[in-house]
Amino acid sequence: GEERQNKLLEALARMLGMEEPPRRMESYDISNTGASDIVASMVVYVDGRPLKRDYRRFKLKDMEGPDDYASMEQVLTRRFRRYLDGDEKFAPLPDLLLIDGGRGQVGAVRQALRGTALEHVPTFGMVKDDHHRTRAIVDDEGGEIAINRHRNIFTFVTNIQDETHRYANDYRKRAMKKKSYAATLTAIPGVGEKTSAALLAHFKTVAAVKAASISDLEEVKGISHAKAEMLYNALRNGI
């Protein structure tokens with residue numbers, strides 16, 4: 001119950017050298033499939049429980065390629081800029097920041113927060129062992145706090161790390177699915193990006209496009225009767 005959560009947060013605060021238990025915790029993870037698709041997730045725990053409506057995602061801009069430090073710096077800079085711009089969704093400030101990664105990532109976050117209202121928010125990295133289990137919490141000086149000796153804290157931090165990771169990957173998978181969806185349609189001769197986009201905007205899914213009749217297809221902006229016929233036949237022929 002609530003008392004157990006409070007005890008847990010108090011123990012975590014003691015372990016991290018905080019004066020008060022962290023009521024609002026934000027956790028960040030970067031997920032990339034290469035240079036073009038870098039996504040960051042922000043997961044929020046309030047009073048020890050996930051607050052899903054406060055979760056946020058960021059698509060990273062102008063990255064030369066995967067660079068976790070630069071990514072973390074960009075995400076936290078953007079997160080706090082949103083707060084400073086008065087964006088309601090980013091109004092509550094965290095008491096604790098947990099970053100997926102080690103000393104370098106934590107350093108990048110501290111760098112991003114320097115001189116802001118969040119300069120003094122305790123920031124720690126969550127480091128995994130070779131089995132992808134959370135091994136320790138680190139600060140920006142590389143000091144490690146082993147958490148596996150305290151089973152409840154270990155479980156709690158591992159859950160946060162897994163949840164943040166799941167949320168980042170889930171977004172990436174959906175983005176990739178969308179891409180491969182569009183590719184299914186652009187594989188049809190005579191269907192370029194524009195037609196593919198128009199079809200998906202109208203029918204929402206590739207399955208619905210495949211199930212469409214010639215007259216359904218003709219309703220899509222820019223698709224003539226002849227093109228609808230060609231599409232209908234191409235879709236039936238196993239594309």
Side-chain angles (χ1 to χ4, degrees), residues 1-32 39-58 68-69 71-73 75-76 78-80 83 89-90 92-110 112-113 118 120-140 142-173:
E2 202 167 309
E3 197 174 326
R4 212 180 69 228
Q5 291 304 106
N6 286 342
K7 278 209 162 70
L8 181 67
L9 292 173
E10 278 166 19
L12 181 64
R14 271 197 305 277
M15 199 178 253
L16 300 179
M18 296 170 65
E19 286 171 17
E20 296 283 321
R23 293 214 45 207
R24 181 185 170 96
M25 303 165 64
E26 291 180 5
S27 174
Y28 292 83
D29 189 10
I30 306 289
S31 172
N32 47 38
V39 171
S41 56
M42 162 182 155
V43 158
V44 179
Y45 277 65
V46 171
D47 293 330
R49 291 187 181 82
L51 184 65
K52 297 204 167 170
R53 65 159 196 265
D54 273 14
Y55 286 17
R56 299 285 171 257
R57 290 201 179 93
F58 299 84
D68 279 356
Y69 297 172
S71 301
M72 275 300 175
E73 193 167 342
V75 172
L76 279 118
R78 278 167 60 187
R79 187 255 178 266
F80 295 115
Y83 157 73
K89 290 182 187 148
F90 290 90
L93 294 179
D95 304 311
L96 174 64
L97 292 169
L98 290 175
I99 308 298
D100 186 89
R103 177 185 180 177
Q105 276 90 337
V106 179
V109 169
R110 307 278 324 142
L113 302 183
L118 280 126
H120 303 297
V121 174
T123 305
F124 293 91
M126 300 176 285
V127 190
K128 293 189 181 88
D129 63 16
D130 301 337
H131 305 289
H132 283 282
R133 282 194 300 262
T134 311
R135 173 173 66 75
I137 293 182
V138 293
D139 59 25
D140 60 338
E144 286 200 4
I145 301 161
I147 56 171
N148 43 11
R149 286 199 281 274
H150 192 305
R151 200 173 59 89
N152 293 351
I153 288 183
F154 175 75
T155 308
F156 181 54
V157 173
T158 302
N159 286 344
I160 292 176
Q161 192 167 26
D162 290 347
E163 176 70 352
T164 313
H165 200 65
R166 178 197 65 74
Y167 192 57
N169 281 333
D170 169 56
Y171 179 74
R172 196 181 72 192
K173 282 191 198 112

To the nearest 0.5 Å, what is the distance between [atom1] on [X] and [atom2] on [Y]?
X: F124; Y: I137; atom1: CZ; atom2: CD1; answer: 7.5 Å
X: R49; Y: F156; atom1: CZ; atom2: CZ; answer: 9.5 Å
X: N169; Y: R166; atom1: CG; atom2: CZ; answer: 10.0 Å
X: Y69; Y: R103; atom1: OH; atom2: CZ; answer: 9.5 Å

Locate the shortest heavy-atom distance separating [X] from [Y]; write the atom from each residue and the value.
X: A11; Y: H150; answer: CB-NE2, 3.8 Å
X: L118; Y: P94; answer: CD2-CD, 3.8 Å
X: P21; Y: E10; answer: CG-CG, 3.6 Å
X: F58; Y: F90; answer: CZ-CE2, 3.8 Å
X: G102; Y: V127; answer: CA-CG2, 4.2 Å
X: P22; Y: L96; answer: CB-CB, 3.7 Å

Margin query: Regarding Q161 and D100, do their side chains bring together a donor and an acceptor under 3.5 Å, going by distance alone?
Written below: yes

Note to self: Less than 3.5 Å apart, any donor N or O on the side chain of D29 or S41 sitting next to an acceptor on the other?
What the structure shows: no

Taking side chain as C-beta onward, heavy atoms only, is [X] less than 4.5 Å from [Y]?
X: Y45; Y: L98; value: no
X: D95; Y: E20; value: no
X: R24; Y: L93; value: no
X: L76; Y: L97; value: yes
X: M42; Y: Y55; value: no
X: R56; Y: R79; value: no
X: S27; Y: I160; value: yes
X: M25; Y: L12; value: yes

Notebook entry, point to check: When you look at CZ of R4, are more than 12 heavy atoms from neighbouring residues, nucleotides or ligands closer to it than 6.0 Å?
Noted result: no

Note to self: If you count every heavy atom of other residues, nucleotides or ligands that lies below 6.0 Å from R23 atom CZ, does the total exceed 12?
What the structure shows: no

Notebook entry, point to check: Is a donor on one side and an acceptor on the other found under 3.5 Å between the side chain of Q5 and the backbone of G48?
Noted result: yes

Note to self: Closer than 3.5 angstrom, by distance alone: can the side chain of E163 be matched with the main-chain N or O of V43 as a donor-acceptor pair?
What the structure shows: no

Checklist line | Salt bridge flag under 4.0 Å for residues D170 and R57 | finding: yes

Note to self: Under the rule for side-chain contact (heavy atoms from CB on, under 4.5 Å), what residues qualify as partners of F154, not counting sequence neighbours?
What the structure shows: I147, N148, T158

